[in-house]
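Quick one: the structure is below, questions incoming.
The chain is numbered in sequence order, starting from 1.
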Amino acid sequence: MMASPPDTSKSSKLERYNSYLLRRVSSAKLIAASSHLLFRATLLAGLVLIFLFLLHYPPLLLSSSRYSSASPHSNHRSLLSSGSYGGGSWERDVRRSAAPRRPDGLSVLVTGAAGFVGTHCSLALKRRGDGVVGLDNFNAYYDPALKRSRQALLSGHGVLVLEADINDGALLAKLFDVVPFSHVLHLAAQAGVRYATRNPQSYVASNVAGLVSLFEVAAKHADPQPAVVWASSSSVYGLNTEAPFSEIHRTDRPASLYAATKKAGEAIAHTYNHIYGLSITGLRFFTVYGPWGRPDMAYFSFTKSILSGKPITLFRMPDGNAVQRDFTYIDDVVMGCLGALNTAKKSTGVPGGGKKRGPAQLRVYNLGNTSPVPVAEMVRILEQLLGKKAKKNVVTLPQNGDVPFTHANVSLAKTDFGYRPTTDLATGLRKFVKWYVEYYGVQTPKVVDKDAGAEEKEEEGAAASA
């Protein structure tokens, strides 16, 4: 009898099963190893990104006390600790500049004093007998040499401008210890709509953190609390289509980061008014222009380009309509700022941040010219004043934060402090061009007449003494 062949089916199945298990285990190990590798790679990439962000944008990621705290004990390296400021001689200089020369005169801390609007306001305040101390960080957003020239101009009129940052809470607190300022005119800010796409962090550091820094000192350290007038912007109206722009119109659709930071500032102002009783007035400026202006503004850069024979870029709307701006001459804006300061009521809070004694004044106003003008018309006036045609590139308005038009309703400012803009664009640009050619020493085919120059000096003197 022959033996039956061995049954190999069971052993084959067992081998296949073992092989399957081995493949499963190997696959699981591979997946686990891959997961660990992926986790480590992700973690490493995250650390690298954080390092790069810290390297390029340290202001936002350092201790919050450095940029938003106004406490005199903050971690911000103050100019006081460096020995740059402080001491008896320094304090005497500050008090001398801050002392009013007229009965019931104001004592005003002006931030951004070496800026365009800050310089004109400081001069006007000083000339009418108020005390003024200026603060400016002289950043390089545009040529600091122009800011230094403004500083020299102010110094010649007895206005001390300190080089410091509004995020230096210790220095701000020291200033309020030395001088009981009755008012703060807060004009320091990172300006410009398009620049925000290249350096957004600077807008947060200055327009948000800097504003909080100032409010913190004013609310919790200053004794007495000052009334604060500060520069918001017409940019807060953003995509609003109702015209003219009124303070009651919606401002919740900003078209640029700059506008968003200014809108945030208005909300922050409401908070400090509500909690700490700070008297706060916000001013929404509409395209301010004039002598000693900002080189990044169109009228200024166009003048430079026309004189040098370089092309300028003009924007038009997709439907072909002209881009328009409510150009407002600097003297009119100064009158608005002084009117807001004159009518600002006292704060109602208790130094140290205690419970306020009652509701405090909270206001916001448009300061514009009320007459929108096509930008192309502004160029035509410049061509006429300079005696030279512009080389124009006309393109469609890009989606970079610019809005098609601005138009101010100033009836509220007119009612509350008599704001009445009086300078038309042609008159204002003539004064600007005269200053420009004298300041930069350039030759133009057409010279502004001497009578116009004399008229300008008379008008500026009247505005400064008002």
>> Between F116 and Y289 (judged by ring centroids, cut-off 6.0 Å), do the two rings come close enough to count as a pair?
In response: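 Not under 6.0 Å, so no.
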
>> Using modelled atom types and a 3.5 Å cut-off, is there a donor and acceptor pairing between side-chain atoms of N273 and backbone atoms of A360?
In response: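 Yes; at least one donor-acceptor contact below 3.5 Å.
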
>> Can a side-chain donor-acceptor contact be found between D177 and H221 if the only test is distance below 3.5 angstrom?
In response: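 Yes - a donor-acceptor pair under 3.5 Å links their side chains.
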
Under 3.5 Å, which donor-acceptor pairs link side chains of residues 368-376 to any protein atom two or more places apart or in another chain?
none

> In Å, rounded to the nearest 0.5 Å, how long is the span from NZ of K431 to CG of L385?
Replying inline: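 Between atom NZ of K431 and atom CG of L385 there are 13.0 Å.
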
> Closest heavy-atom contact between L341 and V184?
Replying inline: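 Between these two residues, the closest heavy atoms are CD2-O, 4.4 Å.
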
>> Looking at every heavy atom in both L171 and A164, which two are closest together, and how far apart are they?
In response: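 For L171 and A164, the tightest heavy-atom pair comes out as CD2-CB, 3.1 Å.
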
> When rounded to the nearest 0.5 angstrom, what is the spacing between CG in L214 and CG in L109?
Replying inline: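 Result: 7.0 Å between the selected atoms.
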
>> Salt bridge check, E266 against K262: does any charged N sit closer than 4.0 Å to a carboxylate O?
In response: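 No, no charged N to carboxylate O under 4.0 Å.
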
> Any chance the rings of Y419 and Y365 have centres within less than 6.0 Å?
Replying inline: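 No, they do not, as the ring centres are separated by 6.0 Å or more.
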
> How many angstroms lie between atom CG of D165 and atom CG of D136, to the nearest 0.5 angstrom?
Replying inline: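 Separation between the atoms: 9.5 Å.
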
> For D252, does the CG atom have more than 12 heavy-atom neighbours from other residues, nucleotides or ligands under 6.0 Å away?
Replying inline: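 Yes, CG of D252 has more than 12 neighbouring heavy atoms, counting only those of other groups under 6.0 Å.
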
> ring pair (Phe, Tyr, Trp, His ring centres under 6.0 Å) between Y237 and F405: does it pass, once the steps are laid out?
Replying inline: CA-CA 11 Å; Y237 290 109; F405 73 96; over 10 Å; no

> Say you draw a straight line from OG1 of T119 to CG of L154; how long is it, rounded to the nearest 0.5 Å?
Replying inline: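 Here the rounded value is 4.5 Å.
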
> Taking the side chain as C-beta and beyond, is there a heavy-atom pair between F245 and N409 under 4.5 Å?
Replying inline: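 They are not in contact (no side-chain heavy atoms under 4.5 Å apart), so the answer is no.
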
>> Give me the atom names and distance for the closest heavy-atom approach of A145 to Y439.
In response: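 Between these two residues, the closest heavy atoms are O-OH, 4.0 Å.
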
>> Has T343 got a side-chain atom pairing as donor or acceptor with G339's backbone, closer than 3.5 angstrom?
In response: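 Yes; at least one donor-acceptor contact below 3.5 Å.
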
> Is the side chain of D130 donor-acceptor paired with the backbone N or O of S107 at a distance under 3.5 Å, no angle test?
Replying inline: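 Pair absent, no side-chain N/O of D130 close to backbone of S107.
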
> Do T415 side-chain atoms and S411 backbone N/O form a donor-acceptor pair below 3.5 Å?
Replying inline: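 Yes, because the side chain of T415 sits within donor-acceptor range (under 3.5 Å) of the backbone of S411.
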
> Checking D326 side chain against A408 main chain: does a donor-acceptor pair fall under 3.5 Å?
Replying inline: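 Judged by distance alone, yes, a pair lies under 3.5 Å.
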
>> Looking only at side-chain N and O atoms, does K345 offer a donor or acceptor that is under 3.5 Å from a partner on S279?
In response: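 The criterion, which ignores hydrogens and geometry beyond distance, is not satisfied for K345 and S279.
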
> Which pairs pass ring pair (Phe, Tyr, Trp, His ring centres under 6.0 Å) with one or both residues in residues 123-172, sequence neighbours excluded?
Replying inline: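 As it turns out, the ring pair (Phe, Tyr, Trp, His ring centres under 6.0 Å) pairs with a partner in residues 123-172, which skip direct neighbours, are Y141-Y195.
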
> Can a salt bridge be assigned to the pair R325 and E377 using a cut-off of 4.0 Å between side-chain N and carboxylate O?
Replying inline: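 Answer for the salt bridge query: no.
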
> Are any of the side-chain heavy atoms of L175 and V217 separated by less than 4.5 Å?
Replying inline: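 Heavy-atom side-chain distance check fails, nothing below 4.5 Å.
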
> Any luck finding a side-chain donor-acceptor pair between Y85 and D168 under 3.5 Å?
Replying inline: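 Their side chains do not contain a donor-acceptor pair, so the 3.5 Å distance test is not met.
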
> Between S301 (side chain) and D296 (backbone), is there a donor-acceptor pair under 3.5 Å?
Replying inline: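 Between the backbone of D296 and the side chain of S301 there is no qualifying donor-acceptor contact (under 3.5 Å).
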
> Should V410 and F286 be marked as a side-chain contact (heavy atoms from CB on, under 4.5 Å) after you check the CA-CA gap, both sets of side-chain angles, and the distance that decides it?
Replying inline: CA-CA 11 Å; V410 300; F286 282 72; over 6 Å; no

>> Please verify the inter-ring angle class for Y436 with Y440; under 30° counts as parallel, over 60° as perpendicular, anything in between as tilted.
In response: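 Because their plane-to-plane angle lies in the 30° to 60° range, the rings of Y436 and Y440 count as tilted.
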
>> Does any part of the side chain of W230, heavy atoms only, come nearer than 4.5 Å to the side chain of T111, both counted from C-beta?
In response: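 No; the side chains remain at least 4.5 Å from each other.
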
> So, Q190 side chain and N207 main chain: donor-acceptor pair closer than 3.5 Å or not?
Replying inline: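 The answer is no, because no donor-acceptor pair under 3.5 Å joins these two groups.
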
> Taking it one step at a time, do V94 and V179 satisfy side-chain contact (heavy atoms from CB on, under 4.5 Å)?
Replying inline: CA-CA 8 Å; V94 170; V179 176; 3.7 Å; yes

>> As a quick check of understanding, evaluate side-chain contact (heavy atoms from CB on, under 4.5 Å) for M378 and L429, giving each step before the final call.
In response: CA-CA 8 Å; M378 180 262 286; L429 285 177; 3.8 Å; yes

>> Determine whether a donor-acceptor pair (N or O, by modelled atom type, separation under 3.5 Å) exists between the side chain of K356 and the backbone of H274.
In response: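 Flag set: sc K356 to bb H274 pair under 3.5 Å.
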
> Would you call V161 and R150 a side-chain contact if the rule is heavy atoms closer than 4.5 Å?
Replying inline: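 No, every pair of side-chain atoms sits at 4.5 Å or beyond.
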
> What is the distance from atom CD1 of I306 to atom CD1 of I312, rounded to the nearest 0.5 Å?
Replying inline: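 CD1 of I312 is found 5.0 Å from CD1 of I306.
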
>> Give me the atom names and distance for the closest heavy-atom approach of A113 to S122.
In response: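 The answer is CB-OG, 4.1 Å.
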
> Where do K263 and V236 come nearest, in terms of heavy atoms and distance?
Replying inline: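 So the minimum-distance heavy-atom pair works out to N-CG1, 3.8 Å.
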
> Under 4.0 Å between a Lys/Arg side-chain N and an Asp/Glu carboxylate O for D93 and R96?
Replying inline: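 R96 and D93: salt-bridged.
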
> Any donor-acceptor pair under 3.5 Å linking the side chain of K147 with the backbone of A140?
Replying inline: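 Judged by distance alone, no pair lies under 3.5 Å.
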
> Side chains of R284 and T251: does their closest heavy-atom pair fall under 4.5 Å?
Replying inline: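 Side-chain contact under 4.5 Å: yes.
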
> If every non-hydrogen atom of G112 is compared with every non-hydrogen atom of A188, which pair is closest and at what distance?
Replying inline: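 Nearest heavy atoms, G112 then A188: N-CB, 3.6 Å.
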
> Hey, does L146 have a side-chain heavy atom less than 4.5 Å from the side chain of P295?
Replying inline: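 Yes, their side chains come closer than 4.5 Å.
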
> Heavy-atom distance under 4.5 Å between the side chains of L125 and L338, does that happen here?
Replying inline: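 The answer is yes; the side chains approach within 4.5 Å.
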
> Does the ring center of F300 lie less than 6.0 Å from the ring center of F432?
Replying inline: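 Yes, the ring of F300 comes within the 6.0 Å limit of the ring of F432, centre to centre.
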
> Is the backbone N or O of A196 less than 3.5 Å from a side-chain atom of Y203, with the two atoms forming a donor-acceptor pair by type?
Replying inline: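 Side chain of Y203 to backbone of A196: a pair is present.
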
> K220: what forms a salt bridge (Lys or Arg N to Asp or Glu O under 4.0 Å) with it, not counting sequence neighbours?
Replying inline: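 K220 satisfies salt bridge (Lys or Arg N to Asp or Glu O under 4.0 Å) with E216 once adjacent residues are dropped.
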
>> To the closest 0.5 Å, what do you measure between CE (M335) and OH (Y329)?
In response: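 Here the rounded value is 11.5 Å.
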
>> What verdict does the side-chain contact (heavy atoms from CB on, under 4.5 Å) test give for L283 and C337, after you've listed the backbone C-alpha separation in whole Å, the side-chain angles of each residue and the deciding distance to 0.1 Å?
In response: CA-CA 8 Å; L283 302 176; C337 290; 3.9 Å; yes

> Should V117 and I330 count as side-chain neighbours, where that means a heavy-atom distance under 4.5 Å?
Replying inline: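 With C-beta onward as the side chain, the pair touches.
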
